[in-house]
Amino acid sequence: MSRIYLDHAATTPPAPGVIEAVLRAMREEWGNASSSHSPGQAARRMVDSARVAVAELLGARAEEIFFTSGATESVDWAVGSAPRFIRGRGDRLVSSSVEHPCGLSSARRVEEQGWKAVQAGVDGGGLLDLEAFKGLLAVKTALVSVMLANNETGTIQPVRDAARMAREAGALFHTDATQAVGRIRVDVNELGVDYLSLSGHKFYGPKGVGVLFVRRGAPLEPFMIGGEQERGKRAGTMNVPGIAGLGVAAEMAVRCLDERAGHARKVRDALERGLLSRLSGPEINGCPEPRLPSHLNIHFPGVDAESLLMALDVSGIAASTGSACASGAAEPSHVLTAMGLPRIRALSSVRFTTGGENRMEDAGPAVEAVVTAFERLSRSSPRAA
Ligand code: PLP
């Protein structure tokens, strides 16, 4: 049975060049990047060139890039730990109701440290309600955190406008760009953000490595203390293989962005057209545009999403209900319910995300498999009545 992987938002397969860089760092350049001898300096050079590549990807300076273990850590650092280092700007965080679970947890963490956290809502298409957002900024706000693109629906948020409003209100701005990086152009200066988080494995890099961008002059305190790594801000022996792989992934993301986005969009659109033309009930969740080229979140009325995913897995199709971190739980997606969709609709919705693992020819068999599974489950589901 040939497998069709339609879950690129959960993770992407490491690119061959990434694997080579990881292997080289493990086999040859295995020195400690903090050592001053030659093996250490060879490892250090891999880290340095990865930092330059990531900076180039984001339009940032190399010294504004801090390597972390992934976006969860980066968000926890910039947002969850903000009360430790953002001072003199009030004690309030404004975020959105559709942040990734790591963003929601960070908002709870700032409250544990005495700040107040409030959430701006989204409209029925999942877009930030900018008027309501502006209203929230009327109260003195220290930090705003709004994701660049949603992991479940792919909706691209008006971060540039939101960051401008935050700046005018005297607040610093963080964006979780984990889903956006490698799929659309992301430039920290065009967006006007002070902090940005990303994870390597979402754009063909290794797992367990990510980045926090911190604009020069923006406040920051160490996340982990111990050694002097990452200019004393994030201690611990550096993950040279992961960082080297991330650097190659960043270079490729710059070089291949248009080609990759165009390919993902073609496959996604073929899947979307196929499903909507073959089935009368299903509808897209979230606004069709602005949306990442890879994402398709569909409501299959009367069918339990988990049962549909299991049936698809048996036929070789890998998809998901949204946030991989929340999968397995029977709770409806907080993103879809924040958009005002009923709980029952959220529990009947599936996310397909396309990317480098797909060929154009995958769309037809994937549509067939979904149509077959949906029709069979519709006949047997009590909800179908
Ligand atoms: N933020 C968003 C929008 C994500 O989609 C994810 C992963 O799904 C994360 C943060 C967390 O990334 P990681 O698990 O690599 O730390």
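Counting starts at 1 for both ligands and their atoms, following the listed order.
In terms of polar-atom proximity, defined here as any N/O pair under 3.5 Å, Asn151 makes no such contact with ligand 1. Checking only distances, Ala71 does come within under 3.5 Å of ligand 1, N or O to N or O. For the pair Lys202 and ligand 1, the shortest N or O to N or O distance falls below 3.5 Å.
For Thr72, heavy-atom contacts with ligand 1 shorter than 4.0 Å involve the backbone as well as the side chain.
For ligand 1, the atoms closer than 4.0 angstrom to any heavy atom of Ser199 are 12 (O), 13 (P), 15 (O), 16 (O). Each of the atoms 10 (C) of ligand 1 lies under 4.0 Å from some heavy atom of Cys102. For ligand 1, the atoms lying closer than 4.0 Å to a non-hydrogen atom of Met147 are 3 (C).
Separation of atoms OH (Tyr5) and CG (Asp7) is listed at 4.5 Å; rounding is to 0.5 Å.
Just one residue in the list Val75, Val193, Val214, Leu93 forms a side chain to side chain contact (heavy atoms under 4.5 Å, CB included) with His174, and that residue is Val75.
Taking the ring axis of Phe173 as reference, the NZ or CZ atom of Arg167 does not stay both within 45° of it and closer than 6.0 Å to the ring centre.
Between the side chain of Ser74 and the main chain of Gly70, a donor-acceptor pair closer than 3.5 Å is present.
When the options Glu99, His100, Glu73 are ranked by their closest heavy atom to atom 2 (C) of ligand 1, first place goes to His100.
Within 6.0 Å of the CZ atom in Arg160, the count of heavy atoms belonging to other residues, nucleotides or ligands does not exceed 12.
The two residues Arg231 and Ile65 make their nearest non-hydrogen contact at NH2-O, 2.8 Å.
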